[in-house]
Amino acid sequence: MDETEFWELVDATREAAEGDPEEQSDLLVERLLRLDPEQVLDFARHFEARFNRAYTWDLWGAAWVLLDGAGDDVFDFFRCWLIGQGREVFEGAVHDPDALAELLPDFDEEIDGDGEELGYAADEAYEQLTGDVAPDLGIAPAPAEPAGAPLDFEDDQVLAQRFPALWGRFRD
């Protein structure tokens with residue numbers, strides 16, 4: 001599975017689920033079950049690489065503003081959800097986290113921002129296909145600390161300055 005196929009699968013399941021992350025996860029597992037185990041592992045590698053790439057202080061700060069707070073687990077689930085939003089939103093957010101104010105026109109705080117189940121979809125599909133737990137993916141582990149300069153998430157002035165569009169839309 002190449003990168004284009006990865007994003008096509010993400011997009012197809014998001015559209016079919018009408019943006020509901022839990023439904024998207026279920027659909028993703030169904031679609032992955034149609035593939036062979038090695039393709040499922042390829043999907044998992046693409047997912048994990050993007051999950052690690054999104055481990056930045058700026059993206060965490062954006063999640064903090066969007067979700068009115070985001071601890072470690074919440075930020076992990078946010079990154080899964082962000083991948084589930086598709087290539088355009090993901091790449092735009094990684095490049096400029098404040099752009100999420102424009103990239104998420106229909107953000108619904110009741111269902112959006114938490115894609116925990118998306119993070120387990122490939123593992124679940126692999127286990128159903130093989131009866132085994134997915135092996136190590138052979139990619140570099142996530143860094144111990146997020147990339148970039150740390151932010152003080154408790155300082156509203158810092159967040160408002162760093163993420164003016166998000167702050168104006170979700171906090172003012």
Side-chain angles (χ1 to χ4, degrees), residues 1 3 6-35 37 39-94 97 100-101 103-130 132-137 139-147 151 153 163 166 170:
M1 174 176 296
E3 183 177 13
F6 168 81
W7 286 118
E8 286 172 353
L9 192 51
V10 168
D11 289 339
T13 56
R14 183 188 69 257
E15 289 167 13
E18 297 179 353
D20 181 313
E22 288 184 27
E23 178 68 18
Q24 182 181 8
S25 175
D26 292 342
L27 292 170
L28 189 53
V29 171
E30 286 177 22
R31 302 274 175 102
L32 290 170
L33 287 171
R34 299 177 193 165
L35 306 176
Q39 289 175 302
V40 174
L41 292 177
D42 286 345
F43 179 90
R45 286 182 192 99
H46 284 290
F47 193 97
E48 192 71 19
R50 278 143 194 85
F51 182 79
N52 292 345
R53 188 169 156 228
Y55 193 48
T56 69
W57 284 109
D58 278 349
L59 206 47
W60 199 341
W64 190 279
V65 173
L66 263 172
L67 304 173
D68 198 20
D72 293 345
D73 289 344
V74 171
F75 183 50
D76 286 349
F77 305 155
F78 174 81
R79 290 185 288 153
C80 291
W81 174 83
L82 188 63
I83 295 165
Q85 297 312 293
R87 184 181 221 159
E88 181 181 337
V89 173
F90 177 81
E91 293 294 341
V94 169
L100 284 168
L103 292 168
L104 302 173
D106 301 321
F107 187 82
D108 180 348
E109 61 190 44
E110 296 297 318
I111 62 167
D112 289 329
D114 181 355
E116 178 180 9
E117 299 302 319
L118 289 170
Y120 302 120
D123 290 337
E124 187 177 324
Y126 185 86
E127 193 168 331
Q128 286 185 40
L129 285 169
T130 67
D132 293 322
V133 173
D136 182 76
L137 298 173
I139 63 173
E145 288 289 317
L151 293 168
F153 299 144
F163 309 106
L166 281 170
F170 293 99

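The figures that follow rest on heavy atoms only: side chains count, while hydrogens, waters and symmetry mates do not.
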Asker: I want to check something: taking the side chain as every heavy atom from C-beta on, are Leu35 and Leu129 in contact at a cut-off of under 4.5 Å?
Answerer: no

Asker: In terms of relative ring orientation, are Phe6 and Phe43 parallel, tilted or perpendicular, with 30° and 60° separating the classes?
Answerer: tilted

Asker: Is the shortest side-chain heavy-atom distance between Phe77 and Leu118 below 4.5 Å?
Answerer: no

Asker: Just by distance, do the side chain of Trp57 and the backbone of Leu151 share a donor-acceptor pair under 3.5 Å?
Answerer: no

Asker: Heavy atoms only: give me the nearest Ala12-Arg31 pair and the separation to one decimal.
Answerer: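 In this case the closest contact between Ala12 and Arg31 is CB-NH1, 3.4 Å.
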
Asker: Which atom pair, heavy atoms only, marks the closest approach of Ala121 to Leu28?
Answerer: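 So the minimum-distance heavy-atom pair works out to CB-CD2, 3.8 Å.
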
Asker: Show your working on salt bridge (Lys or Arg N to Asp or Glu O under 4.0 Å) between Glu91 and Arg53 and close with a plain yes or no.
Answerer: CA-CA 10 Å; Glu91 293 294 341; Arg53 188 169 156 228; 2.7 Å; yes

Asker: Going from CD on Glu8 to OG1 on Thr13, what distance comes out if it is rounded to the nearest 0.5 angstrom?
Answerer: 12.0 Å

Asker: Between Gln24 (side chain only) and Gly84 (backbone N and O only), is there a donor and an acceptor less than 3.5 Å apart?
Answerer: yes

Asker: Would you confirm whether Arg79, through its side chain, and Ala54, through its main-chain N or O, come within 3.5 Å as a donor-acceptor pair?
Answerer: no

Asker: Does the side chain of Tyr126 reach to within under 4.5 Å of the side chain of Pro135, using non-hydrogen atoms?
Answerer: yes

Asker: Flag the pair Trp64 / Phe75 as yes when at least one side-chain heavy-atom distance between them is below 4.5 Å, and no otherwise.
Answerer: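 Contact flag for Trp64/Phe75 side chains = no.
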
Asker: Using 0.5 Å steps for rounding, measure from the CD atom of Glu23 to the CD atom of Glu117.
Answerer: 12.5 Å

Asker: Has Ser25 got a side-chain atom pairing as donor or acceptor with Pro21's backbone, closer than 3.5 angstrom?
Answerer: no

Asker: Nearest 0.5 angstrom please: Ile83 CD1 to Glu48 CD, how far?
Answerer: 8.0 Å

Asker: Roughly how far, to the nearest 0.5 Å, is the CG atom of Leu104 from the CG atom of Leu66?
Answerer: 6.0 Å

Asker: Is the closest side-chain heavy-atom distance between Leu9 and Leu32 below 4.5 Å?
Answerer: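 They are in side-chain contact.
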
Asker: Would you sort out whether Glu3 and Arg50 count as a salt bridge (Lys or Arg N to Asp or Glu O under 4.0 Å), showing the intermediate values?
Answerer: CA-CA 11 Å; Glu3 183 177 13; Arg50 278 143 194 85; 3.0 Å; yes

Asker: Testing the basics here: between Asn52 and Ala140, what is the closest heavy-atom pair and its distance to 0.1 Å?
Answerer: ND2-O, 3.3 Å

Asker: Once you measure the plane-to-plane angle for Trp81 and Phe78, does it fall in the parallel (<30°), tilted (30-60°) or perpendicular (>60°) bin?
Answerer: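 Because their plane-to-plane angle lies in the 30° to 60° range, the rings of Trp81 and Phe78 count as tilted.
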
Asker: Rounded to the nearest 0.5 Å, how far does CG of Leu100 lie from CZ of Phe90?
Answerer: 11.0 Å

Asker: Is it true that atom CD of Glu22 has more than 12 heavy atoms of other residues, nucleotides or ligands lying nearer than 6.0 Å?
Answerer: no

Asker: Determine the minimum heavy-atom distance between Ala134 and Asp123, stating which atoms define it.
Answerer: CB-OD1, 3.7 Å

Asker: For the pair His46 (side chain) and Trp7 (backbone), establish whether a donor and an acceptor sit closer than 3.5 Å, ignoring hydrogens and angles.
Answerer: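 Answer holds: no.
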
Asker: Heavy-atom distance under 4.5 Å between the side chains of Gln85 and Val10, does that happen here?
Answerer: no

Asker: Please confirm whether Phe107 and Phe170 have ring centers closer than 6.0 angstrom.
Answerer: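 Aromatic pair counts; centres sit under 6.0 Å.
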
Asker: Grab the two heavy atoms, one from Phe51 and one from Cys80, that are nearest each other, plus how far apart they are.
Answerer: CE1-SG, 3.7 Å

Asker: If you measure from OG1 on Thr56 to CG on Asp58, what distance do you get to the nearest 0.5 Å?
Answerer: 5.5 Å

Asker: Heavy atoms only: give me the nearest Leu166-Pro97 pair and the separation to one decimal.
Answerer: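 Answer, listing the atom of Leu166 first, then Pro97: CD1-O, 3.5 Å.
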
